[in-house]
> 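A single structure is presented below for examination.
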Amino acid sequence: MIATSFLEISSKAYRQNIRYIRKEIGPKPTISAVVKGNAYGHGIAQMVEIAEKAGIRHFSTFSSDEAWMVKKNSTKQSEIMILGMLYEEELEALINAGISFYVFDFERLEKAIEISERIGVPAKIHVEVETGFHRTGFDWEQREKLVETLQKGKNHVILEGLCTHYAGAESVSNFVRVKNQISVYYDFKNYLSEHNLFFRKYHTACSAATLIFPETIMDMVRIGIAGYGFWPTKETYFAKLKDLPKTNKNPLKRLISWKSQVMSLKKVKMGEFVGYGNSFMALHNMSLAIVPVGYGHGYSRLLSNSGQVLIGGQYCQVVGTVTMNAIAVDITKVKNIQVGDEVVMIGSQKNKEITVASFSESTQQVNYELLTRLPQDIPRRIIQ
Ligand SMILES: *Cc1c(COP(=O)(O)O)cnc(C)c1O
């Protein structure tokens with residue numbers, strides 16, 4: 001089967017991003033490559049290969065199915081950490097496989113201890129504490145029971161990590177809010193230390209925190225979006241801009257390109273409508289290229305009459321509505337376009353570029369969402 005579009009994933013761009021992050025954090029801290037959401041749409045299999053080649057030996061996933069995917073594709077026995085969902089039935093297999101996981105409630109913690117004791121294999125647990133995100137994590141009020149439970153289980157499990165996730169680290173203006181969260185994290189750390197509970201890795205930072213709140217870096221950083229070459233927000237970029245050398249104002253490089261080809265050509269006379277409904281009427285005689293990519297492939301309907309693609313090195317606008325499997329684009333001004341010519345939805349052609357940001361701004365999707373909505377069955381090819 002030949003797909004109607006494909007994604008190219010650049011391993012060179014990834015190496016550059018990791019080099020930049022490494023420079024920011026110094027030689028010591030571990031970089032955990034966050035590959036949840038099908039590696040932010042880039043493909044887990046492809047990203048594990050690319051990341052291991054770039055020296056990464058630690059991966060974070062949201063769920064256990066993703067963790068098994070990493071395991072299957074890893075050739076370097078990298079560490080794997082589950083940040084979120086797993087089923088109790090799976091705990092034993094995960095523990096046996098040496099896959100570490102977050103614990104954020106007593107059910108999972110007690111179960112992990114119980115299984116570790118029974119099978120004689122220590123679970124590697126990351127104790128997540130609540131500091132302000134208010135999604136998962138032990139509350140400060142639970143600290144006594146937490147200590148009690150960890151003390152009891154200490155000889156059966158490995159205290160792999162003490163962690164939290166910050167709310168608002170993507171914005172410098174949340175300075176006070178983030179500072180407060182850091183301080184709550186240290187309260188937990190100190191409290192646990194006083195009760196003789198020490199962890200192998202203290203880790204709290206995602207991309208944004210790593211870049212603009214360096215005090216959050218500690219023993220490990222969990223890098224998602226920046227690894228894929230995107231600033232978490234415009235603000236994080238502006239905050240870093242002044243420190244960047246004049247010669248390279250954008251050290252983060254996009255890995256992903258999304259390409260298809262012209263499926264067919266069409267002439268439309270002035271006054272005729274294009275596509276379903278009547279959202280687009282030709283105001284002059286037009287040439288259209290039909291591209292076999294639609295909302296079913298992750299090309300949002302919100303890009304109807306507004307999205308742009310590159311054909312023949314020129315920006316060409318989507319006309320009419322985006323349908324399930326196709327779009328029509330205006331190629332009236334582009335010469336000599338033929339069926340089979342390359343179409344770029346994201347990426348470069350000649351000297352022009354369509355970035356994920358420009359693409360998602362017009363639909364109000366943030367980078368994260370657009371990327372993870374790219375269907376898993378679009379082929380991903382690793383390029384240099
Ligand atoms: C998704 C996630 C990250 C990575 O976030 P980025 O902003 O993509 O770097 C880090 N930690 C946790 C707990 C996460 O869920």
Side-chain angles (χ1 to χ4, degrees), residues 14 17-18 20-22 24-25 29-42 44 47 51 56 58-64 66-67 70 79-86 100-105 108 125-138 160-172 174 178 181-182 185 188 201-214 216-237 239-240 251-252 254-256 356-357 360 365-374:
Y14 189 72
N17 299 340
I18 293 303
Y20 172 64
I21 292 158
R22 177 55 72 198
E24 288 291 301
I25 65 176
T30 301
I31 297 176
S32 183
V34 180
V35 293
K36 64 192 183 193
N38 197 27
Y40 293 49
H42 293 64
I44 288 187
M47 281 315 301
I56 299 292
H58 200 291
F59 292 92
S60 297
T61 70
F62 176 72
S63 51
S64 51
E66 295 170 336
V70 174
E79 293 281 335
I80 304 168
M81 174 169 86
I82 299 172
L83 310 170
M85 183 63 189
L86 55 85
S100 70
F101 49 87
Y102 273 35
V103 293
F104 34 68
D105 56 37
R108 190 182 286 184
I125 61 168
H126 298 261
V127 174
E128 186 185 18
V129 294
E130 175 61 64
T131 58
F133 200 81
H134 297 123
R135 291 269 285 263
T136 48
F138 289 99
E160 187 70 21
L162 181 71
C163 48
T164 194
H165 191 46
Y166 299 113
E170 66 285 354
S171 172
V172 191
N174 288 328
V178 175
Q181 292 175 77
I182 297 171
Y185 178 79
F188 270 111
K201 284 192 171 74
Y202 294 88
H203 58 97
T204 66
C206 60
S207 299
T210 301
L211 292 168
I212 61 177
F213 295 100
T216 64
I217 292 171
M218 307 182 198
D219 299 319
M220 178 160 81
V221 293
R222 307 181 302 259
I223 300 293
I225 199 81
Y228 303 105
F230 303 99
W231 296 90
T233 53
K234 273 193 186 144
E235 235 195 293
T236 42
Y237 178 54
K240 290 309 276 187
L252 293 178
R254 175 173 46 78
L255 275 62
I256 206 165
V356 175
S360 45
Q365 281 180 329
V366 287
N367 292 339
Y368 293 82
E369 185 179 346
L370 183 135
L371 291 167
T372 47
R373 277 174 171 236
L374 293 169

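Note that the numbering runs from 1 along the sequence shown for the chain. Ligands are counted one by one from 1 in listed order, and the atoms in each one are counted from 1 as well.
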> What is the distance from atom CD1 of I21 to atom OG1 of T210, rounded to the nearest 0.5 Å?
7.5 Å
> Would the distance check show the side chain of D219 and the main-chain N or O of K201 forming a donor-acceptor pair, the cut-off being under 3.5 Å?
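Checking the backbone N and O of K201 against the side chain of D219, no donor-acceptor pair under 3.5 Å is found.
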> So, do F101 and H126 have ring centers that fall under 6.0 Å from each other?
no
> Find all protein N or O atoms under 3.5 angstrom from an N or O atom of ligand 1 and list the pairs with distances, or write 'none'.
unit_1	atom_1	unit_2	atom_2	d
ligand 1	7 (O)	Y368	OH	2.8
ligand 1	8 (O)	Y40	OH	2.5
ligand 1	8 (O)	I225	N	2.8
ligand 1	9 (O)	S207	N	2.9
ligand 1	9 (O)	S207	OG	2.5
ligand 1	9 (O)	G224	N	3.0
ligand 1	11 (N)	R222	NE	2.8
ligand 1	11 (N)	R222	NH2	3.4
ligand 1	15 (O)	K36	NZ	2.6

> From N38 CG over to L374 CG, what is the distance, rounded to the nearest 0.5 angstrom?
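Taking CG in N38 and CG in L374, the distance rounds to 9.0 Å.
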> Mind checking the OG1-NE2 spacing from T131 to H165? Nearest 0.5 Å is all I need.
9.5 Å
> Mind listing the closest non-hydrogen atom pair of K36 and T61 along with its distance?
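Nearest pair, atom of K36 first, then T61: CB-C, 4.2 Å.
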